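Let me begin by presenting the structure, written as structure tokens, before commenting on it.
When reading the values below, keep in mind they use all heavy atoms of this one structure, side chains included, and skip hydrogens, waters and symmetry mates. All chains are named by letter (A, B, ...) in the order of the sequence lines, taking the proteins before the strands, and each is independently numbered beginning at 1. Remember, it's a predicted structure, so these values are computed and weren't measured experimentally.
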2 protein chains.
Amino acid sequence: EDAEIRGIACNRDETRIMITAVPDIPGIAAKLLAPLITNGIHVDTIVQNIAAADSTDLTFTVSRLDALKAVEILRTTVENIGGGEILLDNTIAKISLIGVGVRTHTDIAARMFQILADLNVNILLIAASTMRISVIVKEEAVEIALPALHKAFGLDAAVSSADNL
Amino acid sequence: EDAEIRGIACNRDETRIMITAVPDIPGIAAKLLAPLITNGIHVDTIVQNIAAADSTDLTFTVSRLDALKAVEILRTTVENIGGGEILLDNTIAKISLIGVGVRTHTDIAARMFQILADLNVNILLIAASTMRISVIVKEEAVEIALPALHKAFGLDAAVSSADNL
Ligand SMILES: C[C@@H](O)[C@H](N)C(=O)O
Ligand SMILES: C[C@@H](O)[C@H](N)C(=O)O
């Protein structure tokens, strides 16, 4: 029986940094990301939801080694743009279903969310689009979530999971 | 000169639906998505940022034809889970850079955001992870943003853009 997705990636070396209340005007995302680039910090996932009013939150993940440096760099920028707080969480992990087809995408996302729900795992963040469904969960949830997801999607854990796919 | 990414996908047939103030507890994402699936609605992008307190917002995109049906279906669920409002915007478009390598991911995201900033295009939503950087912008911005992005990333617009990659 074919696997429905190409694999599951799990990244346990992640710190989630959220900058709250960033002005929702052109140029802000660029201003926040640029200094991280010039300082050689690799940013993995970036999520920003729709602003309800004039501001929104911007979240991204970096490796745990880079986290404090990233926060230091961000402090100046956040002050300049008139953002809110910089909130850090290094007790998280990212799980991504990869190689998800366009046609099965919605169904697979729903099933992933249900599996996590059944395990009482709280989904802290979602970034899902064609090809890839990523969620952030507490790192201790990985132990039960990962095997359940491998099983549900017909994957051999040894073959298909990778620490940074 | 090789293109730095595989292509740029632009989807102009999108409605953004945001459910505000959904409880940040296990099972909520699953409850919201499931009825859409059973009703045959294809959900494209799903974004949920970190909850600042006990609740967060959940956004997803559907085709414009499905939008009103999706909202109808969601009303019941949102009431059951104790969520907030269902906010709709059908004046948006999604632009995705696809086939972005892990190593160049951060740099490419920063450049994409800068290009949009230079064009004074407001980024309404971001869902970026390895392989794919997606943003939502006002649909009228596509006209200036898409050619600029193709040019910046060394792509031939005719060859590499697709309405639903
Ligand atoms: C919040 C941030 O994404 C802003 N809207 C921008 O375009 O840069
Ligand atoms: C908000 C929603 O994602 C919730 N945390 C859940 O796990 O379902």
Taking atom [atom1] of [X] as the centre, report whether more than 12 heavy atoms of other residues, nucleotides or ligands fall under 6.0 Å from it.
{"X": "B/I144", "atom1": "CD1", "value": "yes"}
{"X": "B/D54", "atom1": "CG", "value": "no"}
{"X": "A/K151", "atom1": "NZ", "value": "no"}

**Those residues of residues 82-89 of chain A, ordered by number, that approach chain B below 4.5 Å (heavy atom to heavy atom)** =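 Not one residue of residues 82-89 of chain A has a heavy atom under 4.5 Å from chain B.
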**chain B-proximal positions within residues 15-38 of chain A [heavy-atom distance under 4.5 Å]** =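 Against chain B, the residues of residues 15-38 of chain A that fall inside the cut-off (heavy atoms, under 4.5 Å) are A/R16, A/M18, A/D24, A/I25, A/P26, A/G27, A/A29, A/A30, A/L33, A/I37.
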State plainly whether one hydrophobic cluster holds both [X] and [Y], where clusters connect Ile, Leu, Val, Met, Phe, Trp and Tyr through side-chain heavy atoms under 4.5 angstrom apart.
{"X": "B/L74", "Y": "B/I92", "result": "no"}
{"X": "B/I41", "Y": "A/F113", "result": "yes"}
{"X": "A/I123", "Y": "B/I81", "result": "yes"}

**Prompt:** Checking side chain to side chain contact (heavy atoms under 4.5 Å, CB included) against B/I126, which of A/L58, A/V47, A/T59 comes through?
**Reply:**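 The passing option is A/L58.
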**Message:** With chain A as the partner, which of B/S129, B/A117, B/A128 has the greatest number of non-hydrogen pairs under 4.5 Å?
**Reply:**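 Top option by heavy-atom pairs under 4.5 Å: B/A128.
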**Item:** Short side-chain to backbone donor-acceptor contact, A/H42 and B/R103, under 3.5 Å
**Value:**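 Pair absent, no side-chain N/O of A/H42 close to backbone of B/R103.
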**Request:** Kindly say whether A/N49 contributes a backbone atom to a donor-acceptor pair with the side chain of B/D57 at under 3.5 angstrom?
**Result:**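 Not confirmed, B/D57 side chain does not pair with A/N49 backbone.
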Rounded at 0.5 Å granularity, tell me how far [atom1] in [X] sits from [atom2] in [Y].
{"X": "B/Q48", "Y": "A/I136", "atom1": "CD", "atom2": "CD1", "value": "10.0 Å"}
{"X": "B/L125", "Y": "A/T56", "atom1": "CG", "atom2": "OG1", "value": "8.0 Å"}
{"X": "B/M131", "Y": "A/M131", "atom1": "CE", "atom2": "CE", "value": "6.0 Å"}

**Asked** Taking A/I50, A/V43, A/L124 one by one, which has the highest count of heavy-atom pairs under 4.5 Å against chain B?
**Response**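 Greatest number of close heavy-atom pairs with chain B: A/I50.
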**Residue pair B/F60 / A/T106, side-chain heavy-atom distance below 4.5 Å** =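 Not touching, per the 4.5 Å side-chain cut-off.
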**Message:** Using heavy-atom distances under 4.5 Å, tell me whether B/V121 contacts chain A through its side chain, its backbone, both, or neither.
**Reply:**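 Just the backbone, heavy atoms under 4.5 Å.
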